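Beneath this line is the structure, given in structure tokens, with notes to follow.
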Amino acid sequence: MLDNKYNFKEKEAKWSAFWQDNGIYKYNKIASRPTYSIDTPPPTVSGELHIGHISGFTQADMMARFYRMQGKNLYFPLGFDNNGLPTELLVEKQKKIAAHTLPREEFTRIALDLVASYNQSYRDMIERAGISCDMSLGYNTIDNRSQKTSQKSFIRLAKDGIAYREDKPSPWCCKCRTSVASAELEDTELNSVFNYLNFKLVDGGTIPIATTRPEFLPACVGIFVNPEDKRYNNLVGKLVKVPLFEERVVKIYADSKVGIDKGTGIVMCCTFGDQTDVEWWKEYKLELKQAIDDGGRMTDICGKYAGMKSIDARNAVIEDLKSAGYIYKQDPIVHSVKVHERCNTPIEFLSKKQWFIRTSTPELKQIWLKQGEKLNWHPASMKARYDAWVNNLNQDWSISRQRYFGVPFPVWYCKNCGEPSFADENDLPVNPLTSIPKRACKCGCNQFEPEADVMDTWATSSVTPQINCNWAEDEAECSKRMPMDMRFAGRDIINTWCLRTIIKAYYHQGTLPWKDLFINGWVMADKGIKISKHLANSKMKLTDLLDNYGADVIRYWCANGAYGRDVMFSDEGLKDGYKLLNKLWNASKFVLSFLYDYKPNKPAKILPIDCYIMQKFNETYKKVIGQYSQVEMGYAKTEMEKFFYFFCDNYIELVKNRLYKPEIFGEEAKQSAQWACYNVLLNMLKILGITMPFVCEEIYQDYFRQFEKTESIHLTVLSPIDVDDKQNLIADGDKVVEIVSRVRAYKSENKLSLKTELDKIVICDKNVDFIKQCEMDVKAVTGAHDVEYKTGEFDVEVGKVIE
RNA sequence: GGGAGAUUAGCGCAGUUGGUAGAGUACCUGCCUUACAAGCAGAGGGUCAUAGGUUCGAGUCCUAUAUCUCCCACCA
């Protein structure tokens with residue numbers, strides 16, 4: 001017997017535990033049925049989960065449940081991305097320590113400890129949300145298997161010349177003290193001041209130059225004008241004294257990258273203020289003058305400013321420029337500045353030896369585009385973003401990070417010749433700081449310098465298919481299992497995570513990492529506003545939502561709309577899910593109360609209207625399967641829900657008298673309705689269980705399991721109802737529903753109670769045969785004592801009201 | 001500057017190959033119907049962003065424009 005009221009808190013905890021304890025979602029390694037493998041994106045351990053995270057997971061989970069119920073053997077792991085900078089910053093913040101002040105081993109120990117507790121809370125949250133992962137298939141991107149996979153990937157790429165080490169200027173975060181990839185940068189609007197300076201020409205006279213960063217003067221290595229600029233092109237080749245550093249003299253060059261109408265039309269090139277400086281420095285083989293060190297302080301070349309923070313130096317330089325009479329104008333401006341996405345610090349360009357992976361040659365870009373072509377994108381429109389990004393790729397992928405908590409590079413450099421020595425693959429994972437190469441260098445030298453950098457998070461999170469498919473241990477197994485069937489992701493990481501995973505799979509396996517890529521939309525806090533940490537901690541905090549509404553209701557909300565589109569979060573929307581849940585509970589309770597004497601044998605005679613509702617279910621079933629097959633879990637849900645309400649409001653109303661009073665309508669009529677109710681309710685529950693797994697499991701276990709035997713409703717296989725469909729009764733049945741609806745409308749318009757009895761109704765139609773067969777149900781639901789039939793155009797007349 | 005998406009009922013949305021504008025919700029009117037009043041029945045409500053074009057016919061296709069969101073590039 002179902003409880004009178006559904007207590008979601010109690011039931012959700014109960015079934016969650018049941019699924020875990022009984023391994024309901026466990027991948028079966030020896031099953032012969034086909035596997036459906038999901039490369040679950042390991043969540044980055046960097047704080048608390050919010051509705052945005054869980055929405056993407058839930059949508060993917062619905063697809064996983066769908067495939068499971070299509071008879072697939074699900075490989076649905078849950079890993080965690082907990083190495084690298086994001087996690088390191090989390091540890092620093094939570095433990096109030098600075099990584100660079102501790103020995104690496106100690107920091108790592110603290111980090112692993114903290115990560116374990118975050119993993120657990122993420123896992124709890126994902127379990128509570130009803131995500132059907134196999135928790136035993138997990139991994140951490142910092143664990144041995146992941147490190148081994150990642151290091152093996154690096155060694156292979158380095159030996160093939162695809163990964164290379166080079167000293168080139170790249171974006172640098174002075175706060176995190178590490179290089180960062182250009183994909184990790186964001187734009188921020190900042191207030192600044194345009195300082196207009198007069199630079200002195202060596203031959204006499206001055207030229208005007210505007211700059212927002214006068215502290216870079218000590219690193220000034222050239223002056224640029226546009227060759228087309230008639231005002232200045234006569235100056236090309238002349239020499240200029242650097243203000244405040246007048247012993248330094250630099251040359252004037254012509255380059256078309258200079259905007260004639262920007263600033264004064266004359267630009268100073270410093271190593272390195274921005275990307276253009278880097279390009280000029282390379283092209284004109286300029287001197288390298290580093291004014292800022294890796295911690296954001298001025299270097300020794302800056303004279304009296306050495307040791308100052310760059311922002312303090314800027315103010316000091318401006319004061320000195322003013323008093324020396326260099327500044328003739330200052331304009332406050334707001335300009336956008338590239339900042340590190342993790343800490344919002346404006347980035348600098350620093351030149352350090354770094355490892356890069358080749359990704360951006362025209363030939364390679366063609367390959368990435370071709371791989372993208374072979375991948376199934378859902379929704380298809382998302383591929384355009386990928387193509388646009390690949391076409392714009394202009395830098396190789398930098399994977400070195402001067403940090404502590406990450407996968408080490410398994411490499412040492414010869415102290416004599418500088419050649420790298422790589423660890424043996426069999427020895428991985430290797431930490432070069434605590435071990436030494438097995439062999440001497442080719443040059444005979446036995447002294448090595450270990451690589452102290454660690455790899456960027458992405459270098460490891462881009463090999464999750466290889467981690468999942470056991471590439472490090474068994475390449476043959478991996479080849480069999482790749483490409484995996486599916487990866488799901490937010491659209492913000494198409495350019496980074498997805499592309500890089502595609503690149504690695506191409507280099508290592510020569511295949512795609514996955515066959516299908518599902519790109520979910522974002523949950524917006526309000527029109528055009530992404531969920532921020534601030535909001536995530538208030539009304540969208542996941543634990544509160546789960547406490548207040550339950551997982552089924554949250555999941556219902558997650559299934560709204562077209563797949564891949566952004567959705568706005570609102571509590572309003574949660575009401576709909578609650579309504580369905582409540583109605584489902586009540587309807588099941590009601591229907592099951594008539595099934596206590598149900599016999600699991602098909603009755604000899606099934607009444608036409610009962611046959612009709614089962615045919616109608618099958619019609620909906622087909623649509624639902626179609627929607628899921630197209631990754632439209634929202635439309636599928638709506639389709640099933642519509643049928644459910646139809647079933648309640650029309651079919652149950654039509655047959656409930658038969659169920660109530662077998663002594664009047666006959667045992668045969670009751671059994672026929674029981675058969676239809678059993679089959680329709682069970683099969684609806686199976687499908688609705690994809691969206692609302694908890695309540696459907698409760699109803700299934702309470703009643704259906706005794707007949708169905710399968711351990712959990714989520715392990716049953718979806719199928720249409722086995723019903724006689726030689727004759728399609730849907731149009732005929734719909735006519736009966738229309739008759740009932742006409743009578744209800746009459747009563748409603750006349751402000752009568754729906755149970756009002758009528759002396760008769762007159763039904764007119766071209767063919768009334770089917771309707772006649774449903775007469776007892778029609779009479780019961782309309783309250784008509786008698787039914788008359790006429791032949792002609794369809795019409796329903798309502799007789800006199802019986803007081 | 002380049003690219004992607006959006007614009008339909010008060011609101012948040014659906015509308016798949018062009019063929020009479022759809023559900024939900026809110027509002028309104030009724031109904032305590034032997035599951036559910038967090039329910040049921042019924043009604044009203046839209047110049048489909050704007051302007052052109054193709055077509056017998058356009059929410060749908062084409063071209064502009066506007067507004068919003070996102071991505072990329074530039075930011076001396």
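Naming convention: chains lettered A, B, ... in sequence-line order (proteins, then strands); numbering from 1 in each chain. What you see is a predicted model, and the numbers here were worked out from it, not measured in a lab.
Here B/C48 sits opposite no nucleotide as a Watson-Crick or G-U wobble pair (both hydrogen-bonding atom distances under 3.5 Å). Pairing for B/U67 is with B/A6, a Watson-Crick or G-U wobble pair whose two hydrogen-bonding atom distances lie under 3.5 Å. Within the shown strands, B/C13 is the pairing partner of B/G22 under the Watson-Crick or G-U definition, both distances less than 3.5 Å. Here B/G30 sits opposite B/C40 as a Watson-Crick or G-U wobble pair (both hydrogen-bonding atom distances under 3.5 Å).
Across the protein-nucleic acid pair, A/Phe590 atom CZ and B/C40 atom P stand 14 Å apart, rounded to whole Å. To the nearest angstrom, C1' of B/U16 lies 14 Å from CZ of A/Arg565. Rounded to whole Å, atom P of B/A4 lies 12 Å from atom CG of A/Asn391. Nucleotide B/C40 holds its C1' atom 7 Å from the CG atom of A/Asp649, rounded to whole Å. Between A/Leu185 atom CG and B/C71 atom P the separation is 13 Å, expressed in whole Å. Spacing between atom OH of A/Tyr645 and atom P of B/A41 amounts to 11 Å, rounded to whole angstrom units. Taking atom CG of residue A/Asn394 and atom P of nucleotide B/G2, one finds them 19 Å apart after rounding to whole Å. The NZ atom of A/Lys575 sits 12 Å away from the C1' atom of B/C11 (whole-angstrom rounding).
Between B/G57 and B/G42, the two P atoms lie 38 Å apart (nearest whole Å). Rounded to the nearest Å, the gap between the C1' atom of B/U17 and that of B/G46 is 26 Å. Nucleotides B/G24 and B/A4 are separated by 29 Å at their C1' atoms, to the nearest Å. Using atom P as the reference point in both B/A41 and B/A23, the two lie 14 Å apart (nearest Å). Of the C1' atoms belonging to B/G22 and B/G45, the separation is 13 Å, rounded to the nearest Å. When the C1' atom is used for both B/G2 and B/A9, the distance is 37 Å, rounded to whole Å. Between B/G18 and B/U25, the distance separating the two C1' atoms is 30 Å to the nearest Å. Look at the P atom in both B/C28 and B/U67: the space between them is 38 Å, to the nearest Å.
Considering only the side chain of A/Lys751, B/G30 comes nearest among B/A4, B/U25, B/G30. Taking the side chain of A/Lys579 as heavy atoms from C-beta on, and the options B/G24, B/A41, B/U29, the nearest nucleotide is B/G24. Taking the side chain of A/Ser748 as heavy atoms from C-beta on, and the options B/G42, B/U33, B/U34, the nearest nucleotide is B/G42. Nearest to the side chain of A/Ser381, among B/U33, B/G5, B/G42, sits B/G5. Closest to the A/Arg385 side chain, of the nucleotides B/G39, B/U34, B/C70, is B/C70. Residue A/Asn392 places its side chain closer to B/C72 than to any other of B/G24, B/A41, B/C72. Closest to the side chain of A/Ser741, from the set B/C36, B/G42, B/A14, is B/G42. Checked against B/U33, B/A14, B/A4, the side chain of A/Ala384 finds its nearest nucleotide in B/A4.
Note that A/Lys670 lies outside the cation-pi zone of A/Phe594, set by a 6.0 Å cut-off to the ring centre and a 45° limit from the axis. A cation-pi arrangement is present between A/Lys616 and A/Phe646 under the rule of less than 6.0 angstrom and at most 45 degrees off the ring axis. Judged by the 6.0 Å distance and 45° axis criteria, A/Lys735 is positioned over the aromatic ring of A/Phe794.
One N or O donor and one acceptor, one from the side chain of A/Lys661 and one from the base of B/U34, sit under 3.5 Å apart.
Counting only heavy atoms from C-beta outward, the side chains of A/Met633 and A/Tyr563 approach each other to under 4.5 Å.
Using a 4.0 Å cut-off, some side-chain N or O of A/Thr276 falls inside it from OP1 or OP2 of B/C75. Of the side-chain N and O atoms in A/Lys583, one or more sit less than 4.0 angstrom from OP1 or OP2 of B/C40.
Note on A/Trp389: only backbone sugar-phosphate atoms sit closer than 4.0 angstrom, heavy atoms only; bases stay farther off. Residue-level contact check: A/Asp387 touches neither bases nor backbone, having no heavy atom under 4.0 Å from any strand. At the heavy-atom level, A/Thr212 lies under 4.0 Å from the strands shown only through sugar-phosphate atoms. Base engagement by A/Glu653 is indicated by at least one non-hydrogen atom pair under 4.0 Å involving a base atom. Nucleic acid contact class of A/Val258 (heavy atoms, under 4.0 Å, all strands): base. Within the 4.0 angstrom heavy-atom criterion, no nucleotide atom of any strand lies near A/Cys270. A/Gly259 comes within 4.0 angstrom of a base, heavy atoms only.
Using the six-membered ring where Trp is involved, A/Tyr678 and A/Tyr598 have ring planes that are parallel, under 30° apart on the 30 and 60° scheme. In this pair, A/Phe224 and A/Trp280 present their aromatic rings parallel. The plane angle is below 30°, not in the 30 to 60° band.
Enclosure of atom NZ in A/Lys251 is not indicated, since only 12 or fewer non-hydrogen atoms of other residues, nucleotides or ligands lie within 6.0 angstrom.
For the pair A/Lys289 (side chain) and A/Thr271 (backbone), a donor-acceptor distance under 3.5 Å is absent.
For the pair A/Lys589 and A/Asn750, both in contact range of RNA chain B, the more 5′-proximal nearest nucleotide belongs to A/Asn750. For the pair A/Asn650 and A/Tyr635, nearest-nucleotide mapping onto RNA chain B gives the more 5' position to A/Tyr635.
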